[in-house]
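Remember, it's 1-based here, ligands and their atoms both numbered in the order they're listed. Numbering starts at 1 and runs along the sequence shown.
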Amino acid sequence: TTATITIPVYVHVVSNVNKPEEDISDAQIQSQIAVLNADFQKLNSDASQTPAEFASRVANFNIQFVLARTIRKSSTKTQWGTNDAVKSTKRGGSDPINPETSLNIWVCNIGGGILGYAQFPGGSLATDGVVVGPQYFGSSAVSNNFYLEAPYDKGRTATHEIGHWLNLRHIWGDGGCGVDDFVADTPLAGGPNYRCPGYPTVGCGNNMMTMNYMDYTYDACMYMFTEGQKTRARAVFASGGPRSSFVT
Ligand code: ARG
Ligand code: ZN
Ligand code: CA
């Protein structure tokens, strides 16, 4: 077993002045925090769908998220792209708060069909954190009135992006069958899997772990991290690790 790591979270909602729906409600934000607390503590009910072949690898990261504060801002910008302007007050966005000890999440329309993006550990503190589109942030399981877009309406975009923030690569290692994700217990994959693959889905001579949060499937079709991913992710908080300042 491992000690619980508690991560304060600052959520910056940066909405377009003419799109009040992008200024998502406190309840929608809270529904996302609840998804993170389930997914990173193996409390998500869909974890039970994990095929027997992988069941013993499903991990409880023992990481807990606590909403510290929500920052709301409106902007005339309609799309923010991925150049990190949303993370800077000077550039019309919102500066990160306590990034050496906290996770900052920016909720804004990225555009270009991008659901979210993340900064890996070891980068600049000024841009540390993750960015998620408002219609992908939160869970429709809590309320049908939230501003959410199926099939990415179960909060798994933030789970996936925080996986990157914790140093996890995509399940296919962003390359073909010869490229690994540096995690031994995630089977090889030659590329992303989309939509909602059945089991088994074979590639690279093995059954691929399409239900891993670090693949590209629909929210309802991803529901687990592995023990190997847990070891890699928690190493960032260890003494000498890039996020050791989060743990006192
Ligand atoms: N960075 C990925 C993208 O924008 C996020 C994928 C998240 N997947 C999901 N099922 N929510 O395409
Ligand atoms: Zn990704
Ligand atoms: Ca692997």
Side-chain angles (χ1 to χ4, degrees), residues 28 31-32 35-36 38-40 44 46 49 53-54 57-59 79-84 86 105-121 123 129-141 146-197 201-233 235:
Q28 183 169 338
S31 76
Q32 178 64 67
V35 168
L36 296 176
D39 290 353
F40 284 88
N44 53 304
D46 49 358
Q49 295 177 40
E53 179 187 3
F54 305 137
R57 304 181 207 174
V58 182
Q79 298 193 351
W80 288 89
T82 56
N83 66 4
D84 290 338
V86 73
I105 303 179
W106 289 268
V107 177
C108 67
N109 187 357
I110 300 166
I114 299 171
L115 311 179
Y117 71 97
Q119 181 169 303
F120 280 85
V130 309
V131 184
V132 179
Q135 67 272 52
Y136 313 117
F137 194 80
S139 176
S140 63
F146 291 163
Y147 176 55
L148 288 168
E149 203 173 286
Y152 302 107
D153 56 343
K154 303 283 183 257
R156 260 66 194 259
T157 299
T159 300
H160 174 106
E161 300 308 335
I162 292 169
H164 287 313
W165 183 78
L166 293 171
N167 209 25
L168 300 183
R169 306 295 182 99
H170 290 134
I171 220 73
W172 66 99
D174 294 311
C177 292
V179 181
D180 194 22
D181 61 353
F182 309 118
V183 173
D185 65 359
T186 53
L188 288 170
N193 292 287
Y194 297 101
R195 306 171 67 91
C196 199
T201 295
V202 177
C204 304
N206 58 206
N207 297 334
M208 294 182 287
M209 194 179 272
T210 64
M211 64 294 300
N212 193 285
Y213 295 122
M214 301 316 290
D215 207 335
Y216 264 2
T217 58
Y218 291 161
D219 277 16
C221 305
M222 49 169 63
Y223 36 77
M224 51 92 69
F225 288 120
T226 69
E227 290 290 341
Q229 287 175 314
K230 173 182 178 175
T231 300
R232 182 174 170 83

| query | Can a donor-acceptor pair be found between the side chains of Thr210 and Asn193 at a distance below 3.5 Å? | reply | no

| message | Would you say Gln119 and Asp84 are linked by a side-chain donor-acceptor pair, where the criterion is simply a distance under 3.5 Å? | response | no

| field | Test item: His160 side-chain N/O and Tyr213 main-chain N/O as donor-acceptor pair under 3.5 Å | value | yes

| message | Test side chain to side chain contact (heavy atoms under 4.5 Å, CB included) on Gln49 and Met211; report intermediate values, then the result. | response | CA-CA 9 Å; Gln49 295 177 40; Met211 64 294 300; over 6 Å; no

| Which ligand 1 atoms does Asp219 reach within 4.0 Å, using its non-hydrogen atoms? | 9 (C), 10 (N), 11 (N)

| With a 4.0 Å cut-off, would you call Arg156 and Asp39 a salt bridge? | yes

| said: Tell me which N, O or S atom from His170 is the closest to the Zn ion (ligand 2). | reply: NE2

| Shortest-distance N, O or S atom of Asp180 relative to the Ca ion (ligand 3) | OD1

| query | Hey, which N, O or S atom on His160 ends up closest to the Zn ion (ligand 2)? | reply | NE2

| query | For ligand 1, which atoms, with element, lie under 4.0 Å from some heavy atom of Arg156? | reply | 11 (N)

| task | Verify, without hydrogens or angle tests, whether Asn167 (side chain) and His164 (backbone) share a donor-acceptor contact under 3.5 angstrom. | result | no

| What do you reckon, does Gly113 have a nitrogen or oxygen under 3.5 Å from a nitrogen or oxygen of ligand 1? | no

| Any N/O/S atom of Val183 sitting less than 3.0 Å from the Ca ion (ligand 3), backbone or side chain? | yes

| query | Under 4.0 Å from ligand 1, counting heavy atoms only, is it the side chain of Tyr216, its backbone, both or neither? | reply | side chain

| note | Counting from 1 in the order shown, the ligand 1 atoms closer than 4.0 Å to a non-hydrogen atom of Thr217 are 9 (C), 10 (N)

| remark: To the Ca ion (ligand 3), the closest N, O or S atom belonging to Asp181 is OD1

| message | Let me confirm one number: the CG-CG distance from Asp153 to Asp219, rounded to the nearest 0.5 Å. | response | 6.5 Å

| When you measure from atom 4 (O) of ligand 1 to every protein heavy atom, which one gives the shortest distance, and what is it? | Leu115 N, 2.9 Å

| query | Would you say the side-chain atoms of Gln28 pair up with the backbone N or O of Leu148, donor to acceptor, closer than 3.5 Å? | reply | no

| Interfacing atoms of ligand 1 (cut-off 4.0 Å, heavy-atom, Glu161) | 1 (N), 2 (C), 5 (C)

| request: Please confirm whether Thr157 comes within less than 3.5 Å of ligand 1 when only nitrogen or oxygen atoms on both sides are compared. | output: yes

| query | Nearest 0.5 Å, what's the CH2-CG distance between Trp172 and Asp180? | reply | 13.5 Å

